[in-house]
Amino acid sequence: MLARDFLRTHFAEMPHLLRNRTFDAGSLARWGELDAERRRVLTAVEAMKAERNTLSAEVGRKKKAKEDATAEMERAKELGVSVAAQEKRVEEIEAEFFAIEQALPNVPHESVPEGEDETGNAVLKTWGEPGVFSFTPKPHWELGTALGILDFERAAKVTGARFTVLSGEASLLSRALIAFMLDLHTREHGYREVLPPFIVNAASLFGTGQLPKFEADLFRLQGTDWYLAPTAEVPVTNLHRDEVLRDDQLTISYCAYTPCFRAEAGAAGKDTRGLIRQHQFDKVELVKFTRAEDSAEAHEKLTRDAETVLERLELPYRRVVLCRGDMGFSSAKTYDLEVWLPGQNAYREISSCSNFEAFQARRAAIRVKRTGADGKGRNEYVHTLNGSGLAVGRTLVAILENFQRADGSVAIPAALRPYCGGLSEIRRPSC
RNA sequence: GGUGAGGUGCUGGAGUGGUUGAUCAGGCCAGUCUCGAAAACUGGUGUAGUCGAAAGGCUACCGUGGGUUCAAAUCCCACCCUCACCGCCA
């Protein structure tokens with residue numbers, strides 16, 4: 001959510017500030033009307049309440065003194081009726097007001113490029129060279145099926161489309177990648193590892209911005225307000241929901257492995273083959289809470305931490321900054337990391353690193369107690385950030401496709417071998 | 001799932017309808033004292049909204065949401081959570 005103060009003081013320029021983002025201009029105009037009405041009605045109600053409180057105190061005093069307080073009680077009762085009616089109006093306004101506010105997307109950071117869609121994104125850097133193959137590189141679903149380590153058919157039988165069984169080396173590699181990534185981030189990048197619940201409640205999903213707008217993308221547990229977590233961003237960011245942190249706690253950095261569950265509503269026909277787009281996938285997530293003035297630098301650092309995983313695994317990638325129109329609802333600035341996939345002859349997203357500034361912190365009420373220049377304490381919203389470090393399934397895909405050999409076998413990156421019991425390649429068993 | 005107990009401010013812990021945003025103690029901050037510290041003493045120490053140029057008012061908040069009442073932390077209802085025991089179970 002955007003701050004009310006900000007909306008008020010920048011009301012006229014909001015359409016410009018939110019250009020290329022999806023929002024309802026009509027409801028923004030309505031916000032302006034409601035803001036004025038809300039304050040007008042609120043002031044009136046509170047004045048009546050103040051009078052009633054005074055009368056009630058008078059009643060108490062008179063009753064104690066055994067005096068007659070009938071007049072005060074009657075007057076207070078009348079006021080109570082008016083208060084109730086006006087309060088109902090306040091609640092209506094408040095509900096509509098809030099509905100508008102929580103549906104407005106974040107204002108992009110000034111460094112975010114212009115643009116309506118992914119064509120407006122800008123490649124900021126490229127690392128590594130796409131490998132040169134003496135043969136036509138295969139997509140991972142062909143490689144994995146031939147090696148007997150990816151089983152799409154049985155997954156479809158057990159559950160349905162967009163699920164995969166990893167078996168043998170694929171399962172081992174997946175487990176190794178998780179351990180490798182967590183070790184790297186905790187030992188070298190200063191993150192604290194957490195293993196959060198994989199099921200989250202509606203309040204948490206509201207806090208990070210998935211609800212109410214994107215309910216269709218989630219799996220909801222029947223008859224509850226619990227959902228399968230679509231990303232560890234949700235449980236980990238909400239670790240500090242409704243908290244006031246101490247200034248000396250910041251910056252807080254967490255990393256977490258979780259499976260992620262997405263209904264992928266509207267994704268029909270996209271990436272139907274292979275591991276790229278699944279209802280269930282594994283991810284190691286990086287989450288940071290910072291002071292407002294530290295978030296831009298923390299965003300660069302977090303993105304570097306994710307890039308380091310790719311570099312250690314010798315996977316060519318590029319960093320892209322998303323333009324205004326291609327960014328997610330809650331984000332102020334997003335870098336995507338795209339890994340080279342020779343089997344598809346394309347760079348594909350493997351990590352998305354975003355700075356949400358105070359947008360999520362306002363929704364989730366995550367604050368920090370700070371001391372002002374005047375020596376007085378005050379609460380400020382923190383800035384929250386997160387990024388994949390990395391998506392495990394897609395990393396597995398990248399290894400299979402980049403390290404494949406002419407005979408259909410796949411080498412294992414050196415950095416990963418200690419996590420695989422020294423295994424250096426995946427090869428179809430001769431038997 | 002069942003039964004019982006409980007959820008109050010940074011912490012502990014009072015408070016069962018009336019000037020209670022909340023006794024008291026601890027913590028923390030500032031001051032006095034001291035060469036300095038401790039101790040002692042004094043003062044301060046929640047959040048949000050709203051009015052106001054400011055000073056300063058006002059309103060709301062004692063797990064959450066309703067209800068009763070002139071008045072609710074206190075009474076009633078529902079729900080959530082915690083703890084204990086039972087059942088079940090990885």
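Chain naming here is simple, since letters A, B, ... match the order of the sequence lines and numbering starts at 1 in each.
Counted by atom type alone, Ser174(A) and Ser171(A) present zero donor-acceptor pairs between their side chains at under 3.5 Å. For Gln360(A) and Ser330(A), the side-chain atoms include no donor-acceptor pair closer than 3.5 Å. Side-chain N/O atoms of Ser352(A) and Asp336(A) include a donor and acceptor closer than 3.5 Å.
Tyr317(A) pairs by the ring-ring contact (aromatic ring centres under 6.0 Å, His included) definition with Trp127(A), not counting sequence neighbours.
Listed by first and then second residue, the side chain to side chain donor-acceptor pair (under 3.5 Å) pairs involving residues 142-151 of chain A are Asp151(A)-Arg154(A) (not counting sequence neighbours).
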Under-3.5 Å N/O pairs linking protein and nucleotides 50-56 of chain B:
{"residue": "U50(B)", "atom": "OP1", "partner": "Arg8(A)", "partner atom": "NH2", "Å": "2.9"}
{"residue": "U50(B)", "atom": "OP1", "partner": "Arg38(A)", "partner atom": "NH1", "Å": "3.2"}

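Between Lys49(A) atom NZ and A71(B) atom C1' the separation is 14 Å, expressed in whole Å. Between the CD atom of Glu94(A) and the C1' atom of A60(B) there is a distance of 12 Å, given to the nearest Å.
Across every strand in view, U3(B) sits in a pair with A84(B) that passes the Watson-Crick or G-U test at under 3.5 angstrom. G9(B) is unpaired under the Watson-Crick or G-U wobble criterion, no partner having all donor-acceptor distances under 3.5 Å. Partner assigned to G21(B) is none, using Watson-Crick or G-U wobble distances below 3.5 angstrom. Under the Watson-Crick or G-U wobble criterion, with both distances below 3.5 Å, A30(B) is paired with U42(B). With both pairing distances under 3.5 Å, C62(B) is matched to nothing as a Watson-Crick or G-U wobble pair. C89(B): no Watson-Crick or G-U partner with both key distances under 3.5 Å is found in any strand.
Across the P atoms, G13(B) and U68(B) are found 35 Å apart, a figure rounded to whole Å. Between A38(B) and G31(B), the distance separating the two P atoms is 12 Å to the nearest Å. Between U82(B) and G66(B), the two P atoms lie 23 Å apart (nearest whole Å).
Proximity of a side-chain donor or acceptor of Arg324(A) to a complementary backbone N or O of Arg21(A) within less than 3.5 Å is not detected.
Map Trp226(A) and Arg61(A) each onto its nearest nucleotide of RNA chain B; the residue landing nearer the 5' end is Arg61(A). When each of Asn379(A) and Glu72(A) is assigned the nucleotide of RNA chain B bearing its nearest heavy atom, the one mapping closer to the 5' terminus is Asn379(A).
Remark: Asn53(A) is not in phosphate contact with C58(B), judged by side-chain N or O atoms under 4.0 Å from OP1 or OP2.
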TODO: Might you work through the side-chain hydrogen bond (donor to acceptor under 3.5 Å, both in side chains) test for His185(A) and Tyr254(A), ending with a clear yes or no?
DONE: CA-CA 9 Å; His185(A) 296 312; Tyr254(A) 292 121; over 6 Å; no
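Taking the side chain of Arg52(A) as heavy atoms from C-beta on, and the options C70(B), U19(B), A48(B), the nearest nucleotide is C70(B). Side-chain atoms of Ala50(A) lie closest to C58(B) of the nucleotides C58(B), A60(B), A48(B).
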